[in-house]
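Below you'll find the structure, written out as structure tokens, and then a few comments.
Letters go in sequence order (proteins before strands), and every chain restarts at 1.
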Protein chains: 2
Amino acid sequence: MTKNDEFDLQDFLPYLLNQAAEASSLGFQSYYKAKYGMLQTEWRVVFHLGRYGEMTAKQICQRAQIHKTKISRAVSALEVKRFLTRTEDEKDRRQEALKLTETGTRAYRDLRQEASRFDQYLARDIPAADIDALKRCLRQISGLDAAKTQP
Amino acid sequence: MTKNDEFDLQDFLPYLLNQAAEASSLGFQSYYKAKYGMLQTEWRVVFHLGRYGEMTAKQICQRAQIHKTKISRAVSALEVKRFLTRTEDEKDRRQEALKLTETGTRAYRDLRQEASRFDQYLARDIPAADIDALKRCLRQISGLDAAKTQP
DNA sequence: CGTTGTTAGTTACAAAAGCAACTAATATTG
DNA sequence: CAATATTAGTTGCTTTTGTAACTAACAACG
């Protein structure tokens, strides 16, 4: 056996990432859950539509890297709650344009602001340089669909 | 509204953390799932027992910050698969000491090594200084049980 | 055109997570 | 020492996720 007897869970990136992700998600969840009864995927869909305007479900899937069934269910739920409307595309009737309603837009604006504040709160006593490094690393690790295979 | 119109999902820590956590977990899952048929919580329990020796379920809950029902189910599953044994405590018959079997220990050693390698792989082209900052940040963010409340 | 292949989105079913209520044992307190 | 409160761990039930199979529309190719 190689000499990694000292290797600890606290050093294992997937573990640390999960812990941090869970902690921070839990923290922000309270906003969209309590205020608008949304689930995480729903809030993300709202964010995408609010931030980038009208989109199809497929486009959100690609941008957010969320599976289409999750998106599908989130969209249905958001439609029921009147946060968005769907419009069938004239040229290609398979796809539908998703758009926030007035209510949806208001929720988006509110949540975006809460998100921004929460983000600053999370970073409150971490040096700015570290936060930069952190975000850079996270973006890189996220874009690793090739990671399923061996080094 | 404050001037944060440029605030993007890609800047939002909980989002980035989730994406990175998901990507990296998926990557490592293949090892313990394919080789030992374990779920994430099961692998974590194994890791704790292998790393820190005999423990009770409660102790694992606290160390790993995993809910007791999840641990309970993972322990049952691991017992069925003969990766660990339970021994009722003589002095306090509510709690039971969990201990890896021979098989469990072998699996632990193997997975620990895979984990160490996977960890290096994840960090493969990120500067060491950034990785340090990353891990420091993650540990700090994780320890924020107070984050549920407002800034 | 019609047959085959793709694509957007949905649905059905199975696995897993979350939560609350429960059991059994120990601690506390009057 | 009896009544009450706590603690370790489990179980049952509901919500959420993952996977695969499905529908409907379009594309391509003979």
* Check: A:Cys137 main-chain N/O paired with A:Gln140 side-chain donor or acceptor under 3.5 Å ->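 No, A:Gln140 side chain to A:Cys137 backbone: no donor-acceptor pair under 3.5 Å.
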
Could you tell me the separation between the [atom1] atom of [X] and the [atom2] atom of [N], rounded to a whole number of Å?
{"X": "B:Gln95", "N": "D:dT10", "atom1": "CD", "atom2": "P", "value": "12 Å"}
{"X": "B:Gln29", "N": "D:dT19", "atom1": "CD", "atom2": "C1'", "value": "13 Å"}
{"X": "A:Met55", "N": "C:dA8", "atom1": "CE", "atom2": "C1'", "value": "14 Å"}
{"X": "A:Ile66", "N": "C:dG9", "atom1": "CD1", "atom2": "C1'", "value": "15 Å"}
{"X": "A:Leu84", "N": "C:dG9", "atom1": "CG", "atom2": "C1'", "value": "14 Å"}
{"X": "B:Glu96", "N": "D:dT7", "atom1": "CD", "atom2": "P", "value": "18 Å"}

Contacts of A:Asp89 that satisfy side-chain hydrogen bond (donor to acceptor under 3.5 Å, both in side chains) - sequence neighbours left out:
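With sequence neighbours excluded, A:Asp89 shows a side-chain hydrogen bond (donor to acceptor under 3.5 Å, both in side chains) to no residue whatsoever.
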
For this session: List in chain and number order the residues that pass side-chain hydrogen bond (donor to acceptor under 3.5 Å, both in side chains) with A:Glu96, two or more places apart in sequence or in another chain; answer none if no residue qualifies.
Result: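 A:Glu96 satisfies side-chain hydrogen bond (donor to acceptor under 3.5 Å, both in side chains) with A:Arg86 once adjacent residues are dropped.
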
By ring-ring contact (aromatic ring centres under 6.0 Å, His included) - contacts of B:Phe47 (at least two apart):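 Expected list: B:Trp43, B:Tyr108.
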
Produce the list of close N/O pairs, under 3.5 Å, pairing protein atoms with atoms of nucleotides 23-26 of chain D; give distances to one decimal.
from, atom 1, to, atom 2, distance (Å)
D:dC26, OP1, A:Arg93, N, 2.8

State whether B:Ser72 places a side-chain N or O below 4.0 Å from either non-bridging phosphate oxygen (OP1 or OP2) of D:dG9.
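Checking B:Ser72 against D:dG9: no side-chain N or O falls below 4.0 Å of OP1 or OP2.
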
B:Arg86 side chain N/O closer than 4.0 Å to the phosphate oxygens (OP1, OP2) of D:dA8?
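No, outside the criterion.
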
Acceptor/donor pairs from residues 14-21 of chain B side chains to any protein atom, 3.5 angstrom cut, sequence neighbours excluded:
from, atom 1, to, atom 2, distance (Å)
B:Asn18, ND2, A:Ser25, OG, 2.5
B:Asn18, ND2, B:Pro14, O, 2.9
B:Gln19, OE1, A:Arg44, NH1, 3.2

With A:Asp11, which of B:Arg139, B:Arg51, B:Lys135 fulfils salt bridge (charged side-chain N to carboxylate O under 4.0 Å, His left out)?
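When B:Arg139, B:Arg51, B:Lys135 are each tested with A:Asp11, the salt bridge (charged side-chain N to carboxylate O under 4.0 Å, His left out) holds only for B:Arg139.
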
Using a cut-off of under 3.5 Å, enumerate the N/O to N/O pairs linking the protein to nucleotides 12-21 of chain C.
from, atom 1, to, atom 2, distance (Å)
C:dA12, N6, A:Arg73, NH1, 3.4
C:dG18, O6, B:Arg73, NH1, 3.4
C:dG18, O6, B:Arg73, NH2, 3.4

TODO: Under the side-chain contact (heavy atoms from CB on, under 4.5 Å) rule, what do B:Leu138 and A:Leu134 come out as? Steps first, then yes or no, please.
DONE: CA-CA 8 Å; B:Leu138 294 178; A:Leu134 173 65; 4.2 Å; yes

* How long is the gap from CG on B:Leu100 to CZ on B:Arg106, to the nearest 0.5 Å? ->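 The distance works out to 11.5 Å.
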
